[in-house]
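Just so we're on the same page: letters track the sequence lines, and every chain starts at 1.
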Amino acid sequence: MEKKGIVSFFEDFLNNQSLFVDRNVLLSSYMPETVKHREKEINKIANILAPALKHQKPSNLFVYGNTGTGKTLTTKHIADNLSLVSKDKKIALKIIYINCKLKRVADTEYRLLAQLAGLFGKAIPVTGLPTDEVYRAFYDAVERQSAIVILILDEIDQLIKRAGDGILYNLTRINEELKNSKISLVGISNNTTFIENLDVRVKSSLSEEDVLFAPYNALEIQGILRERASKAFKANVLGQGVIEKCAAYVAREYGDARKAIDLLRVAGEIADRRKDKTINTEHIDEAEEKLEREKIFDIIKTQPKQFQLVLFSILSIKSNSNSAYTGEIYDFYKKLCFKTGLRPLTQRRVSDIIGEFELIGIISTRTISKGRYGRTREVVLSVPSSLLPLTKKILEEGLSLT
DNA sequence: AGGTATTCACATGAAACTATTCTCTGAGTTAGG
DNA sequence: TAACTCAGAGAATAGTTTCATGTGAATACCTGT
């Protein structure tokens, strides 16, 4: 019986008239062959990097802008074309792309260098060597290539946050010693303020040139969506105003194209599952809610236990009364700790944790003074109230409370 | 009534402590000559 | 014998606690009318 059920499910799945032609087009890993609405930026970056083809070192470059403005896409696009040309003309040019956010791969000085040396064909053990020896190995490997090396460091702010800016200083200085090769750095960051906090020398050497990616406006997002949609979906499945609605949703929030594309894909998936023949604006609404839900759950699940306890306390208090103050939260939290057998943190720390939740954006607070009855912080939830019961349940399960 | 002093309940800061993660060094191991 | 590996020492870092100080306004307490 069971077996038959599964078989028919798969058969259904095969016969099912999907709205998608190619879902991959709407995934963030997809590389379109042209990047829309970024002609100026492409030009500027291409101009900066072009000297590499004549075996001259391009200026270091700093690329910054909000998430989903096409920084990574544009940079990769140019890099691909550049290496295509260099291969064609047999020019010694090596372009390396590294995402510094990847944990345990490239998020410390040592690991980054080990990774780089590995890419140049010199394997380095994961631990055990002094850093300057790894530098040496990397240096030798690069020098042996006698090529121009363009090193693209995506999410470079993450690297700096963990490893300090010394690494950039060292990398830029390596050029003075290299005879046959040269290294150019391309840093990509969506944190626009981070470069201000760098050491002055590093700052000036990293951003010899910089390119700012402004957010897309609603019209540009519509254009991008239309193009992707035409490749991803069958003809005529998009209902009236769907693209416009998608674009409007994200234009409100800093023109994040990635989010717009996600929205469209999820809407398509929802419609598919329901066997609807077209995608309409209600699907977009649902997709928006689903993405929001996943975002919140992701955040919650990755928080440490103590954070989850604090959040659960806030939610519990909030569901009984409409005000939650630090003191109440802490009392509730302490009881929870007692129940679960965890050692409670001090009120000082819990106060900070509440602050951190505010930073993430799942609550907002304001400090109010209740006169004679002290001064405290009032917590307001930013989670849509429709998600509260589910959020609470997930926390309960994660903390194995009854 | 009007003014000011007090007081509460935490906010906010800084320093000190602690546990974990990184880096480095030397000893042991391996492999090539 | 040179290159590689690995465990353990010491350094760096993140997370927390301890101690200290700051804050805004409701209330208590004056003071003079």
Side-chain angles (χ1 to χ4, degrees), chain A residues 98 100-118 120-141 144 155-171 191 194 197-199 202 299-311 313-314 317-318 321 323-338 340-360 363-380 399:
Chain A
I98 287 188
C100 304
K101 203 172 71 179
L102 298 175
K103 284 249 154 87
R104 320 228 144 245
V105 174
D107 57 349
T108 66
E109 184 172 19
Y110 185 95
R111 283 174 185 155
L112 176 68
L113 285 169
Q115 180 76 13
L116 285 173
F120 279 97
K122 191 154 175 102
I124 298 283
V126 283
T127 177
L129 294 180
T131 310
D132 45 338
E133 197 152 319
V134 185
Y135 262 112
R136 198 83 239 151
F138 173 60
Y139 169 85
D140 287 344
R144 212 167 330 116
E155 317 237 14
I156 195 172
D157 45 330
Q158 299 291 321
L159 176 68
I160 304 303
K161 206 172 92 194
R162 287 183 60 92
D165 51 14
I167 181 167
L168 290 184
Y169 182 65
N170 288 334
L171 277 176
N191 181 348
F194 115 99
N197 309 326
L198 289 177
D199 184 303
V202 176
I299 291 173
I300 290 172
K301 277 193 215 138
T302 53
Q303 293 297 322
K305 268 228 154 81
Q306 299 282 7
F307 281 56
Q308 294 188 8
L309 277 176
V310 174
L311 186 61
S313 307
I314 295 173
I317 291 173
K318 268 301 209 184
S321 69
S323 59
Y325 304 108
T326 306
E328 294 177 80
I329 295 169
Y330 186 65
D331 283 348
F332 196 100
Y333 158 82
K334 257 203 305 205
K335 275 186 222 147
L336 270 183
C337 282
F338 187 72
T340 50
L342 274 161
R343 200 168 56 86
L345 300 174
T346 52
Q347 178 155 328
R348 177 72 188 80
R349 183 84 251 273
V350 171
S351 177
D352 276 350
I353 290 176
I354 293 175
E356 282 172 51
F357 276 136
E358 180 170 25
L359 219 65
I360 299 172
I363 63 172
S364 60
T365 69
R366 68 199 170 102
T367 47
I368 53 167
S369 176
K370 293 192 288 175
R372 191 69 211 274
Y373 304 105
R375 210 168 109 89
T376 184
R377 232 178 340 194
E378 190 181 26
V379 174
V380 179
L399 297 164

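Listed by chain and number, the residues in a side-chain contact (heavy atoms from CB on, under 4.5 Å) with A/Ser364 are A/Glu358, A/Val380, A/Ser382 (sequence neighbours excluded). Every side chain to side chain donor-acceptor pair (under 3.5 Å) that A/Arg377 has, sequence neighbours left out, goes to A/Ser351. Qualifying salt bridge (Lys or Arg N to Asp or Glu O under 4.0 Å) partners for A/Arg349, counting only residues two or more places apart in sequence or in other chains: A/Glu356. Residues meeting the salt bridge (Lys or Arg N to Asp or Glu O under 4.0 Å) test with A/Asp352, sequence neighbours left out: A/Arg348. Under the side chain to side chain donor-acceptor pair (under 3.5 Å) criterion, A/Gln306 pairs with A/Tyr333, sequence neighbours left out. Residues that satisfy the salt bridge (Lys or Arg N to Asp or Glu O under 4.0 Å) test with A/Arg366, not counting sequence neighbours, are A/Glu378. A search for ring pair (Phe, Tyr, Trp, His ring centres under 6.0 Å) contacts involving A/Phe332 returns nothing, not counting sequence neighbours. The side chain to side chain donor-acceptor pair (under 3.5 Å) search around A/Gln303 returns none, not counting sequence neighbours.
For the segment residues 346-353 of chain A, residues with any heavy atom less than 4.0 angstrom from an atom of DNA chain B are, sorted by number, A/Gln347, A/Arg348, A/Ser351.
Note that NZ of A/Lys334 and OG1 of A/Thr346 are 10.5 Å apart. Values are rounded to the nearest 0.5 Å.
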Worksheet item: Reading nucleotides 23-30 of chain C 5' to 3', which nucleotides get B (base under 4.0 Å from a protein heavy atom), which S (sugar-phosphate only), which -?
Response: BBBBSS--
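One interatomic measurement links the two molecules: CG of A/Leu345 to C1' of B/dA19, which rounds to 14 Å at whole-angstrom precision. The separation between A/Glu378 atom CD and B/dA9 atom P is 17 Å, rounded to whole Å. When rounded to the nearest whole Å, the span between NZ of A/Lys305 and P of C/dT16 equals 14 Å. In this structure, CD of A/Gln306 is placed 15 Å from C1' of C/dA14, rounded to the nearest angstrom. Atom CZ of A/Arg377 is separated from atom C1' of B/dC8 by 17 Å (rounded to the nearest Å). B/dC10 atom C1' lies 14 Å from atom NZ of A/Lys334, rounded to whole Å. Atom CD in A/Glu328 sits about 12 Å away from atom P in B/dA11, given to the nearest Å.
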Under 3.5 Å, which protein N or O atoms sit close to an N or O of nucleotides 15-17 of chain B? Give each pair with its distance.
none

Residues 323-331 of chain A side chain polar contacts: donor-acceptor under 3.5 Å, at least two apart:
{"unit_1": "A/Glu328", "atom_1": "OE2", "unit_2": "A/Tyr325", "atom_2": "N", "d": "3.1"}
{"unit_1": "A/Tyr330", "atom_1": "OH", "unit_2": "A/Leu345", "atom_2": "O", "d": "2.8"}

